[in-house]
Amino acid sequence: MPQSADKVLDHNELFKQPEYQDLMARKKAFEEAPCADKVKETEAWTKSWEYREINFKREALTVNPAKACQPLGAVLCASGFEGTLPYVHGSQGCVAYFRSHFNRHFKEPSSCVSDSMTEDAAVFGGMNNMVDGLANAYALYKPKMIAVSTTCMAEVIGDDLDAFIKTAKQKGSIPEEFRVPFAHTPSFVGSHITGYDNMLKGMLTNLWAGQERKESNAINVNGGFDGYCVGNNREIKRMLSMMGVDFTLLSDPSDVFDTPADGEFRMYDGGTTIEAGKAAINAKATFLLQGFCTAKTGEFIKTAGQEVVALHNPIGVTATDAFLMEVSRVTGKPIPESLEKERGRLVDAIADSQAYLHGKTFSLFGDPDMVYGLVSFLLEVGAEPKHIVVTNSTKEFDAALNALLEASPFGKEAKLYAGKDLWHLRSLMATEPTDFLIGSSHGKFLERDTGVPLIRIGFPIFDRHHHHRFPIWGYQGGLNVLVKILDKIFDVLDQDTKGLSFDVVR
Ligand code: SF4
């Protein structure tokens, strides 16, 4: 027996033992699998130019898309408001998936409920589910607000959220004055970032209804669908506090996805309060830090009379400069010397490491704003993005990214593949390899297939722990991104130089 109580083997080691290897080899006799040579030949063919051309002719089949469905984004947005319970009207399997998705990324609890529509609701509509669901959620989990979104089942049968919520109130499920912001979030339109946008707009529509705007000197900031919200939101708050700016973070899940382990489970923690959300209508301007992710909300905020400053992931020197200078312009507050020093330190770090970054080529995938921020940073440090895949691309993003690439000599070789998936990216990386790949954990299969090392920046990060606790925005965040990239460059260099150039000083 390979197991011993002195050194228990988990599955990673156990199945390498001779007994298991022998067992699996004998099992093969019943599998009728193609022979090893045929597998090798087919694998090599899938990495050829011929296969790449066939692959890019796909019209109906999607393989490994780098996007999720709308309600996932709605749940993240709702989680950022104080005492707010995300409630997804529709079938419950979706909610199990949304919660486990966030659990695995943040390694934290993720609270969200469903009203569990089943076959009868698909025929007669889900009104009874809403009436009972809201009553139960309100009584059991004692939220301050319930934010309703929809699964695709509820969308296909055309359930009317506004009417259902009003009926639930009339039937006494929840008090008449209790806030139930809602958004239709059909999964067959857009992606998780569209759902985030719809929910944020729904939230502000509810909070700002019936108010007259009295302009103040405060600003609102929204981070969009951000897997780094824990580290990033804290960094944004730190920088704005250093500037002495009066601000409100619209949707702030940085506490609820980072509660302490001190013996008490916190279902709700932190977040934008109802009062702050209501008062946010008076702000002078709203900063959307992932503007492609929140375009509809931006339009809504403009109609309320506010200026909207749309940015796209302030990663690195140029993008952070733009953010802080815009904040300074809008509020009249100068950028303090302490932040200027942080900037100088990031510039210093880039200059120290520039020789290792210059000319390195990168494949990238992710959400539009994430990719825009990363490309902007790569160009800034003299690296060369090459294959850029954005499954949930938009026309505005395509135009903006192409303009960004054209403005830099380091962007000349880059090409955006809008609407493509990770199986497309596999063909690109197999036929025209790059030095590195940047993306979420899903990129590890590309790394294994093509040998191109993966730098994990994106959402979701399932197979590494705690990255989300550290910012990627601001000068400090830029430093983190720089170190992530450099660490991988140096690891690969050390692996590849066993003899003469295995230097202790790099
Ligand atoms: S695609 Fe539809 S069924 Fe699947 S998780 Fe999203 S809402 Fe649920």
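Values below: every heavy atom of this structure, side chains too, minus hydrogens, waters and symmetry copies. Every number for a ligand or one of its atoms is a count from 1 in the order of the listing.
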Indicate whether the side chain of [X] and that of [Y] have a donor and an acceptor atom separated by less than 3.5 Å.
X      : Y      : result
Asn313 : Asp369 : no
Asp463 : Ser441 : yes
Asn198 : Gln70  : yes

Within the distance-only criterion (no hydrogens, no angle test), does the side chain of Asn480 pair as donor or acceptor with the backbone N or O of Pro471 below 3.5 angstrom?
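Yes; judged by distance alone, with no hydrogens or angles, the pair exists.
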
Just jot down the ligand 1 atoms closer than 4.0 angstrom to any heavy atom of [X], in number order.
X      : value
Thr151 : 7 (S)
Tyr97  : 5 (S)
Ser187 : 1 (S), 2 (Fe), 6 (Fe), 7 (S)

Among protein heavy atoms, which sits nearest to atom 8 (Fe) of ligand 1, and what does the distance come to when rounded to 0.1 Å?
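Result for atom 8 (Fe) of ligand 1: Cys94 SG, 2.3 Å.
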
Nearest neighbour in protein (non-hydrogen) for atom 6 (Fe) of ligand 1:
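So the nearest neighbour among protein heavy atoms is Cys69 SG, 2.4 Å.
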
Heavy atoms only: which of Cys152, Ser114, Ala96 lies closest to atom 7 (S) of ligand 1?
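Among Cys152, Ser114, Ala96, the closest heavy atom to atom 7 (S) of ligand 1 belongs to Cys152.
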
At their closest point, which heavy atom of Ile388 faces which heavy atom of Val371, and how far apart are they?
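Of all heavy-atom pairs spanning Ile388 and Val371, the closest is CG2-CG1, 3.5 Å.
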
Any non-hydrogen protein atom below 4.0 Å of atom 4 (Fe) of ligand 1?
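Under the 4.0 Å cut-off, atom 4 (Fe) of ligand 1 has no protein heavy-atom neighbours at all.
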
Once you measure the plane-to-plane angle for His11 and Phe15, does it fall in the parallel (<30°), tilted (30-60°) or perpendicular (>60°) bin?
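Taking Phe15 first and then His11, their aromatic rings sit tilted (interplane angle of 30° to 60°).
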
